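First the structure, in the form of structure tokens, and then the observations on it.
Order of listing sets the numbers, starting from 1, for every ligand and every atom in it. What you see is a predicted model; the values in this text were computed from it and never measured.
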Amino acid sequence: MQEPLVSDTNPEESISAWGWPSAREWCVIIIGLVICLGVYVTASHNRLQMQQLNQVKALISQATDAATGAALTIRLKNQSPYANQLTADFIEQSQNALTLVLNEQARQSLPQGFGLPSQQQALQHAHQLTNRLLGLLAISSADATADFSHIEQALFELEQQLNDIQRQVEFELSKQFNSFHSLQLALAAILLLVTAAIVMLLRRTDTATRANRYNLERSETSAKRAADQLQHVIDGAELGFYDWDYQSGNVRVNDHWLRSLNLPSSEQDMSIDLFMARVHPDDVQQLQTALQQCLESGQGYDLEYRMQHSKGHWVWFEGSGKAVEMSSEQPQTAARICGTLKDINQRKKAELEYRENERRFRQLIESLPTVAVQGYNKDRDVIYWNDASRHLYGYSKQEALGKKLEQLIIPEPMRDTVIELHHNWVSQGVEIPAAELQLLHKDGHLVPVFSSHVMLKQDSDSPEMFCVDVDLSEQHRAAAELKRLATRDLLTNLPNRRFLEEELVRRLAEASRFAQQLAVLFIDLDLFKEVNDSMGHNAGDHLLQQVAERIKGHLRHYDTLSRFGGDEFIIILPNISGRHEVQAVADKVMAEFERTYRLQQQEVYVTASIGMSIYPDDGKTSVELLKYADAAMYQAKDSGRNQYRFFAASINEQLKRQLNIATYLRQSLERDDFYLVYQPEISVFDHQIFACEALLRWKPEQPDEGAPPSEFIAVAERSDLIIRIGHWVIRSVCRQLAKWRSQGFSTLRVDLNIAAKQLQQPNFFNLLHEALDEYRLHPADIGIELTESAMMNADSKVINELALLGKAGMEITIDDYGSGYCSLNNLKQFPISCLKVDPLLITRALAQADEKAILQAIAQVAAQLQLRLVAEGVETEAQAELCRQLGFNTALGYLYFQPMEAPKLSQLLTPAN
Ligand code: C2E
Ligand code: CA
Ligand code: CA
């Protein structure tokens with residue numbers, strides 16, 4: 001650390017106004033004292049004059065006293081012989097005093113103002129009076145009888161005269177004293193004050209001058225020190241440096257600067273003219289001005305200018321300069337300027353490139369017809385507005401330029417936020433993220449845009465924000481339409497499933513808030529698929545539209561009716577008072593299914609099953625309520641369709657049971673807990689075993705986990721388990737059949753039940769063929785049974801495959817025929833060879849004549865189509881008889897055989913089978 005060259009104490013503070021006086025102050029003080037002395041001398045002179053006047057006053061008093069004494073003694077003339085003498089002495093005394101005064105007056109040593117003619121006359125008169133009195137006394141002393149009254153009269157007159165004179169002297173004296181004394185005092189006081197003022201003034205000026213000089217010295221020294229330190233720093237900081245001595249005109253530069261311009265070290269010292277000659281002609285002027293200012297005022301400068309490289313090109317520098325030494329001759333003028341030069345060529349190049357990019361950017365955005373671009377300065381005034389912005393926001397360029405961003409296109413509620421965001425970007429560099437916004441059009445409507453933003457010249461004093469807005473009006477219109485479409489069912493124009501699920505959530509929130517009850521009704525048309533398949537899709541669509549219309553008619557405006565899926569409708573009944581209200585709605589809906597629907601000029605009866613769940617009793621969430629309503633609906637279906645059911649705990653139990661069954665089934669698949677039983681199909685005529693039907697049985701490890709086929713197969717069919725189980729059945733049947741073949745039962749055919757889901761599997765036929773091939777079986781060795789709906793839902797590919805199998809000799813049967821909607825007419829479209837009639841039809845045919853007619857019709861058509869007719873579930877002889885009558889070929893039923901396991905069946909078979 002260097003010792004400070006100048007004390008840091010400021011003289012202005014350290015030299016107080018009461019310190020030891022300077023030489024100049026001394027002069028002023030002495031002059032002041034001399035003047036005071038002069039005044040004092042004058043005052044002394046006046047005092048002398050007053051002393052003389054006092055003497056006069058004393059003499060006159062003496063004369064007066066003497067006259068008074070004479071007047072008293074003259075009255076003693078009768079008592080004392082010396083009275084005359086005494087009077088004469090007194091008068092003589094008075095005369096002497098007056099003579100002295102007159103002499104003084106004659107010498108003119110009395111002060112001015114005393115000695116007016118009247119006073120002189122009075123004095124002379126008094127003096128004459130004394131002379132006359134002395135004469136009179138001399139005469140009277142000689143005559144003892146003489147009358148002294150005229151002497152007394154004269155003495156009285158003298159006394160009066162002297163008293164007058166005395167008063168005049170006293171008056172004069174007081175006048176002299178007052179005037180002279182007060183004048184002198186005033187003068188002395190003024191002098192003292194003036195002197196003090198001058199002293200103070202001088203002292204102040206002196207202090208200031210000394211402070212200035214101190215500061216000057218100090219700044220010169222610190223400038224020197226700064227220059228030294230700067231040089232030090234510069235040498236280390238890779239900066240160019242110059243040192244210009246104004247007096248000599250010499251500029252000294254450092255090595256780094258020489259290197260920057262590739263100049264030889266011989267140019268370390270150069271003239272200022274040479275230095276300036278290296279500066280770019282466009283920059284010379286400003287550098288000169290800056291240097292000039294620096295010289296004249298010592299003011300520093302910062303500039304960017306170019307200097308010429310030895311190879312001719314220009315190098316950009318950031319230069320700064322500062323006076324480091326002040327002229328000793330001319331105050332406030334620099335004698336030496338030092339400065340640095342930082343090579344900023346790279347930065348300048350980048351800047352130029354940036355400007356070029358910016359120019360191109362502007363050109364680009366100008367040419368975009370649909371992308372609205374607006375530019376704003378740091379105060380958010382519009383500085384740029386392209387034509388697309390005019391189209392988007394309605395303001396012309398002229399209208400927009402100079403206006404504030406928030407006054408133009410920012411809606412009121414967003415204004416403060418936008419201003420803050422812009423401010424944060426400008427001041428802290430926090431970018432405004434691109435976003436979808438609704439901005440204001442000139443005519444007041446909102447324009448949806450996707451707005452992205454870019455800040456140009458961010459590091460400068462004048463950053464510019466550009467907003468690039470893409471009009472989203474079209475997309476928004478499309479999105480709104482899409483949303484409408486997404487929440488509507490186009491066929492019935494009812495809200496769709498998606499809307500319903502959202503609506504239910506909203507309604508539940510409302511119900512929870514207001515402690516209300518709410519009901520969900522799950523409506524499923526019975527056998528809709530069959531209607532659809534038998535009458536065509538148009539008829540099906542038309543039916544759904546009519547159902548929707550009719551149900552809607554029974555609802556309150558705040559109830560929601562939606563089409564949930566194919567033939568499923570859901571009603572939300574918010575704010576209900578209890579079950580009775582829900583039941584009333586269900587009754588009305590059911591009533592709509594008691595009337596016929598007109599489809600393709602036909603009056604058709606359609607029924608529906610409804611399941612209902614209630615908030616909050618049955619469930620709290622939309623998922624629960626829908627699930628329970630669905631479960632209740634299934635219950636209604638299972639109970640024979642065309643009815644409604646409230647969700648009950650028992651249904652939940654059943655759901656749980658089904659869930660458990662599905663779980664156990666899955667485990668059983670791993671463990672192979674299944675087996676097959678076979679029910680013989682016999683000829684109705686000779687009771688010979690013609691074929692058999694394979695029926696699946698489940699025997700889990702834990703017996704209580706099991707379930708009868710009607711139950712577990714339904715569960716498996718609802719899930720995809722049936723696909724794996726079905727595959728197991730196919731392979732097991734084939735294996736068993738191969739075994740029977742090997743045992744010599746060469747003709748026995750086994751029929752398999754195939755679920756609709758299996759048929760829909762793309763690899764179903766492959767798997768079937770694989771199994772047949774594996775066990776060296778022929779398609780004619782097995783038969784497959786399909787339900788009516790599985791057949792009707794089969795696509796052309798499946799139909800073709802079935803046809804191929806049929807041609808190859810495989811028996812293809814419609815199982816439970818008559819329980820669905822497959823009209824006899826449709827039968828000829830299917831590649832089938834056999835009809836297995838639903839047992840219910842046979843039972844009914846026995847009971848009712850018209851039902852028998854139906855069965856007869858079926859039998860006739862089957863005969864016409866050359867379909868084998870099979871009866872199943874035959875339990876009585878009567879049924880068997882009817883079957884024979886109607887032309888059934890074969891039958892199954894407890895009347896003949898119960899389903900049995902393979903070994904048992906083997907015993908029944910004769911090798912010919
Ligand atoms: P299904 O195809 O109609 O099978 C005939 C059903 O009637 C069998 O019931 C059988 O045991 C029963 N049955 C036979 N004769 C009589 C009778 O005289 N009176 C009565 N009341 N019933 C009789 P099961 O074995 O309980 O099978 C029920 C249903 O499960 C079957 O009806 C079939 O649809 C399905 N099923 C059975 N095994 C399979 C299979 O391996 N795969 C598929 N997908 N379904 C199967
Ligand atoms: Ca069957
Ligand atoms: Ca059947």
Practice item. Please find the N/O/S atom of D815 nearest to the Ca ion (ligand 2) and write down its name. Key: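 Nearest N/O/S atom of D815: OD2.
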Closest approach of any protein heavy atom to [atom], naming residue and atom:
atom                    : result
atom 15 (N) of ligand 1 : Q679 NE2, 3.0 Å
atom 12 (C) of ligand 1 : Y894 OH, 4.1 Å
atom 42 (N) of ligand 1 : N753 O, 3.2 Å
atom 10 (C) of ligand 1 : L695 CD1, 3.8 Å

Check your understanding: Less than 4.0 Å between atom 38 (N) of ligand 1 and some protein heavy atom, yes or no?
Key ->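 Yes, at least one protein heavy atom sits under 4.0 Å from atom 38 (N) of ligand 1.
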Check your understanding: Could any protein non-hydrogen atom be found less than 4.0 Å from atom 32 (O) of ligand 1?
Key ->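 No; the ligand atom in question lacks any protein heavy-atom contact below 4.0 Å.
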Review point. Is the distance from the Ca ion (ligand 2) to some N, O or S atom of T813 under 3.0 Å?
Key: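 Coordinating: no.
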Interfacing atoms of ligand 1 (cut-off 4.0 Å, heavy-atom, [X]):
X    : result
P709 : 26 (O)
G893 : 15 (N), 18 (O)
E872 : 3 (O), 5 (C)
R697 : 11 (O), 25 (O)
I713 : 30 (O), 35 (C), 36 (N), 37 (C), 38 (N), 39 (C), 45 (N), 46 (C)

Review point. N/O of S710 under 3.5 Å from N/O of ligand 1, yes or no?
Key: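 No.
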Exercise for review: Return yes or no for this condition: an N or O of L696 is under 3.5 Å from an N or O of ligand 1.
Suggested key: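 Among all N and O atoms of L696, at least one is under 3.5 Å from an N or O of ligand 1.
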Review point. To the nearest 10 degrees, how large is the angle at the Ca ion (ligand 3) between E872 OE2 and D816 OD1?
Key: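 My answer is 90°, to the nearest 10°.
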Check your understanding: G726 near ligand 1, heavy-atom distance under 4.0 Å?
Key ->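 Heavy atoms of G726 never come under 4.0 Å of ligand 1.
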